[in-house]
Enquirer: 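Quick one: structure below, then a few questions.
Predicted, not measured: the structure shown is a model, and the values here were computed from it. These values consider heavy atoms only, across backbone and side chains, with no hydrogens, waters or symmetry-generated copies.
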Amino acid sequence: MNKPLIGLTTYLVDARWGEWKLPAALLPAAYASCVQAAGGRAVLLPPDTPAAAPDVVARLDGIVLAGGEDLDPALYGAEPHRCTGIPIPARDRWEQAVLAASLERDIPVLGVCRGMQLMNVHAGGTLIQHLPDKVGHEAHNMRAGFFTPHAVVTVPGTHIGALLPGTQHVATHHHQAVDVLGVGLLVAAHAEDGTVEAIESTVHSFALGVQWHPEMSSDAVVVEALVTAARSRVVTTADSLERRAAPQPVSSEHMRLAHNAFPTAAGHDRPPTGNRSTAHLDAVTEVFSVGSVG
């Protein structure tokens, strides 16, 4: 069986390697490693024209909206906070289009950190632009460039709650968070200070967002769940294609009609010629089209 193909969105930044410093579409290797360890095939989705998203998504079995820069506050009707990072419009537009195409096709989606925030904004929600202003501490982002573990409590009865019941310690690095919840979403986990730590869709088969970074955990159960959902989609699609490709049985009545259309009496061991051949061909076409399946 083919492994599910999981698309991972990427950064679009100036990067340095070896002797080079160039614009690059990149992503920490932990994302791909985590998907591969869960049994998926990882492919990168660098920013592209939004119009390309439906074609790209149609070839995939699952999507990971990766973490990264702050979303443009204009996307949720806000002015930028002094601590909000410089937006990357090309990435924002591309990932919005990828998310929209994925939800339209009900392809499994996992939003990580920024990706969860994008899911909320796409559904009409808003963000807290600088979390310390609201919670009064910096425990969600204690040191730049390092993930900090903290506790989250999942909500019973949610998909996240079933995957990670009770209190869990997760790897986190964020200074923004969900404020007003988007339409069709529910809160699936929260921190001790009330910060929303996970959301999920109430109208799609698998559309989960986590504020933490599961790819940095030794037990990336939510990534495994994404790959499992994508694998189920692969199996369902393969079964559907197999059924369509299978030859359809021809009934004895259809065979009788076909025999009458091309009689094989003495002297007629091949289809008649002349004007009658068209009529006979039409008759056979009609007979077998009745038994065909679209």
Enquirer: Going hydrophobic residue to hydrophobic residue with side-chain gaps under 4.5 angstrom, can you get from V13 over to L8?
Expert: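 Per the 4.5 Å side-chain linkage, V13 and L8 are co-clustered.
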Enquirer: Quick one: does any side-chain atom of N120 pair with a main-chain N or O of G182 as donor and acceptor, under 3.5 Å?
Expert: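 Yes; at least one donor-acceptor contact below 3.5 Å.
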Enquirer: Can you list, pair by pair, the side-chain donor-acceptor contacts under 3.5 Å of residues 43-53, counting residues two or more places apart and other chains?
Expert:
none

Enquirer: Within the structure provided, determine whether V64 and L226 are in side-chain contact (heavy-atom separation under 4.5 Å).
Expert: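 V64 vs L226: side chains touch.
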Enquirer: Spell out, yes or no, whether V170 and L163 are grouped together once hydrophobic residues are joined by side-chain heavy atoms under 4.5 Å, including indirect joins.
Expert: yes
Enquirer: Kindly say whether Q176 contributes a backbone atom to a donor-acceptor pair with the side chain of Q117 at under 3.5 angstrom?
Expert: yes
Enquirer: State, yes or no, whether a side-chain contact exists between V223 and V221 at a heavy-atom distance under 4.5 Å.
Expert: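 Not in contact.
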Enquirer: To check you understand the geometry: which heavy-atom pair defines the closest contact between Q129 and A78, and what is its length?
Expert: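 Answer, listing the atom of Q129 first, then A78: NE2-CB, 3.7 Å.
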Enquirer: Report the hydrophobic cluster partners of L131, with the cluster defined as I, L, V, M, F, W, Y residues connected by side-chain heavy atoms closer than 4.5 angstrom, directly or transitively.
Expert: I128, V135
Enquirer: Can you list, by chain and residue number, the hydrophobic cluster partners of L186 when the side-chain cut-off is 4.5 Å?
Expert: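 Under the 4.5 Å side-chain rule, L186 groups with nothing.
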Enquirer: Which residues, ordered by chain and number, are linked to F147 in its hydrophobic cluster, where ILVMFWY side chains connect at heavy-atom gaps below 4.5 Å, directly or through other members?
Expert: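 Besides F147, the hydrophobic cluster comprises M216, listed by chain and residue number.
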Enquirer: Please name the pair of heavy atoms, one in G85 and one in D70, separated by the smallest distance, quoted to 0.1 Å.
Expert: N-OD2, 2.8 Å
Enquirer: Out of curiosity, does L127 fall in the hydrophobic cluster containing L65 (side-chain heavy atoms, cut-off under 4.5 Å, transitive links)?
Expert: yes
Enquirer: Take L185 and S201 through the side-chain contact (heavy atoms from CB on, under 4.5 Å) test and state the conclusion after the steps.
Expert: CA-CA 5 Å; L185 300 175; S201 172; 4.3 Å; yes
Enquirer: Apply the test side-chain contact (heavy atoms from CB on, under 4.5 Å) to residues I199 and M119: give CA-CA distance (whole Å), side-chain angles for both, the deciding distance (0.1 Å), then the verdict.
Expert: CA-CA 9 Å; I199 60 175; M119 293 173 69; 4.3 Å; yes
Enquirer: Which other residues end up in the same hydrophobic cluster as L22, if Ile, Leu, Val, Met, Phe, Trp and Tyr are linked when side-chain heavy atoms come under 4.5 Å apart?
Expert: W17, W20
Enquirer: Are any side-chain N or O atoms of T158 and backbone N or O atoms of V155, one a donor and one an acceptor, separated by less than 3.5 Å?
Expert: yes
Enquirer: Using the side chain to side chain donor-acceptor pair (under 3.5 Å) rule, collect all pairs that involve residues 32-42, keeping only residues at least two apart or in two chains.
Expert: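 Residue pairs passing side chain to side chain donor-acceptor pair (under 3.5 Å), neighbours aside: none found.
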Enquirer: Between CG of D72 and CD of Q96, what distance do you get to the nearest 0.5 Å?
Expert: 9.5 Å
Enquirer: Checking R59 now: which residues fulfil salt bridge (charged side-chain N to carboxylate O under 4.0 Å, His left out) with it, not counting sequence neighbours?
Expert: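 Partners of R59 under the salt bridge (charged side-chain N to carboxylate O under 4.0 Å, His left out) test: D55.
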Enquirer: Show which side-chain atoms of residues 99-116 pair as donor or acceptor with protein atoms under 3.5 Å away, not counting sequence neighbours.
Expert:
unit_1: S102; atom_1: OG; unit_2: V98; atom_2: O; d: 2.8
unit_1: D106; atom_1: OD1; unit_2: S205; atom_2: N; d: 3.0
unit_1: D106; atom_1: OD2; unit_2: S205; atom_2: OG; d: 2.5
unit_1: R114; atom_1: NE; unit_2: E95; atom_2: OE1; d: 3.2
unit_1: R114; atom_1: NH1; unit_2: E69; atom_2: O; d: 3.0
unit_1: R114; atom_1: NH1; unit_2: D92; atom_2: OD1; d: 3.2
unit_1: R114; atom_1: NH2; unit_2: D92; atom_2: OD1; d: 2.9
unit_1: R114; atom_1: NH2; unit_2: E95; atom_2: OE1; d: 3.3

Enquirer: Could you check if a side-chain atom of V121 sits within less than 4.5 angstrom of a side-chain atom of T126, using non-hydrogen atoms only?
Expert: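 The answer is no; the side chains never approach within 4.5 Å.
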Enquirer: Only pairs at least two apart or in different chains count here, so list each ring-ring contact (aromatic ring centres under 6.0 Å, His included) that has a residue in residues 56-109.
Expert: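 Applying ring-ring contact (aromatic ring centres under 6.0 Å, His included) to every pair that reaches into residues 56-109, excluding sequence neighbours, yields H81-H130.
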Enquirer: Which distance, rounded to the nearest 0.5 Å, do you find between the CZ of R93 and the CG of L75?
Expert: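 R93 CZ to L75 CG: 10.0 Å, rounded to 0.5 Å.
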Enquirer: What's the shortest heavy-atom distance between G40 and V227, and which atoms?
Expert: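 The answer is N-CG1, 3.8 Å.
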Enquirer: Could you check if a side-chain atom of T167 sits within less than 4.5 angstrom of a side-chain atom of V152, using non-hydrogen atoms only?
Expert: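 Side-chain contact under 4.5 Å: no.
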Enquirer: Mind checking the NZ-CG spacing from K3 to D61? Nearest 0.5 Å is all I need.
Expert: 13.5 Å
Enquirer: Only counting residues at least two apart or in another chain, list the ones meeting side chain to side chain contact (heavy atoms under 4.5 Å, CB included) with P28.
Expert: Y11, Y31
Enquirer: Does the side chain of R231 reach to within under 4.5 Å of the side chain of T228, using non-hydrogen atoms?
Expert: yes
Enquirer: Can you list every pair that meets salt bridge (Lys or Arg N to Asp or Glu O under 4.0 Å) and has a residue in residues 190-200, with sequence neighbours left out?
Expert: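 Salt bridge (Lys or Arg N to Asp or Glu O under 4.0 Å) check on residues 190-200 returns no pairs.
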Enquirer: E79 versus P73: any side-chain heavy-atom pair under 4.5 Å?
Expert: no
Enquirer: Compare every heavy atom of A66 with every heavy atom of L27, then report the nearest pair and how far apart it is.
Expert: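 Minimum heavy-atom separation between L27 and A66: CD1-CB, 3.5 Å.
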Enquirer: Measure across V222 and P214 and return the closest heavy-atom pair with its distance rounded to 0.1 Å.
Expert: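 Heavy atoms of V222 and P214 come nearest at CG2-CB, 3.4 Å.
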Enquirer: Between T202 and G184, is there a donor-acceptor pair closer than 3.5 Å when you use the side chain of the first and the backbone of the second?
Expert: yes
Enquirer: Just so I know, are the side chains of H140 and H150 near enough to count as touching, which here means a heavy-atom distance under 4.5 Å?
Expert: yes
Enquirer: Would you check if I63 and I6 make a side-chain contact, meaning some heavy-atom pair closer than 4.5 Å?
Expert: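 They are not in contact (no side-chain heavy atoms under 4.5 Å apart), so the answer is no.
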Enquirer: How would you list all residue pairs meeting ring-ring contact (aromatic ring centres under 6.0 Å, His included) that involve residues 186-212, not counting sequence neighbours?
Expert: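 For residues 186-212, and leaving out neighbouring residues, the ring-ring contact (aromatic ring centres under 6.0 Å, His included) pairs sorted by first residue read H159-F206.
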Enquirer: If every non-hydrogen atom of A15 is compared with every non-hydrogen atom of L26, which pair is closest and at what distance?
Expert: CB-CD2, 3.5 Å
Enquirer: I'd like to know whether T195 forms a side-chain contact (heavy atoms from CB on, under 4.5 Å) with K134, so could you lay out the CA-CA distance, the side-chain angles of the two residues, the decisive distance to 0.1 Å, and finally the verdict.
Expert: CA-CA 9 Å; T195 301; K134 181 167 184 177; over 6 Å; no
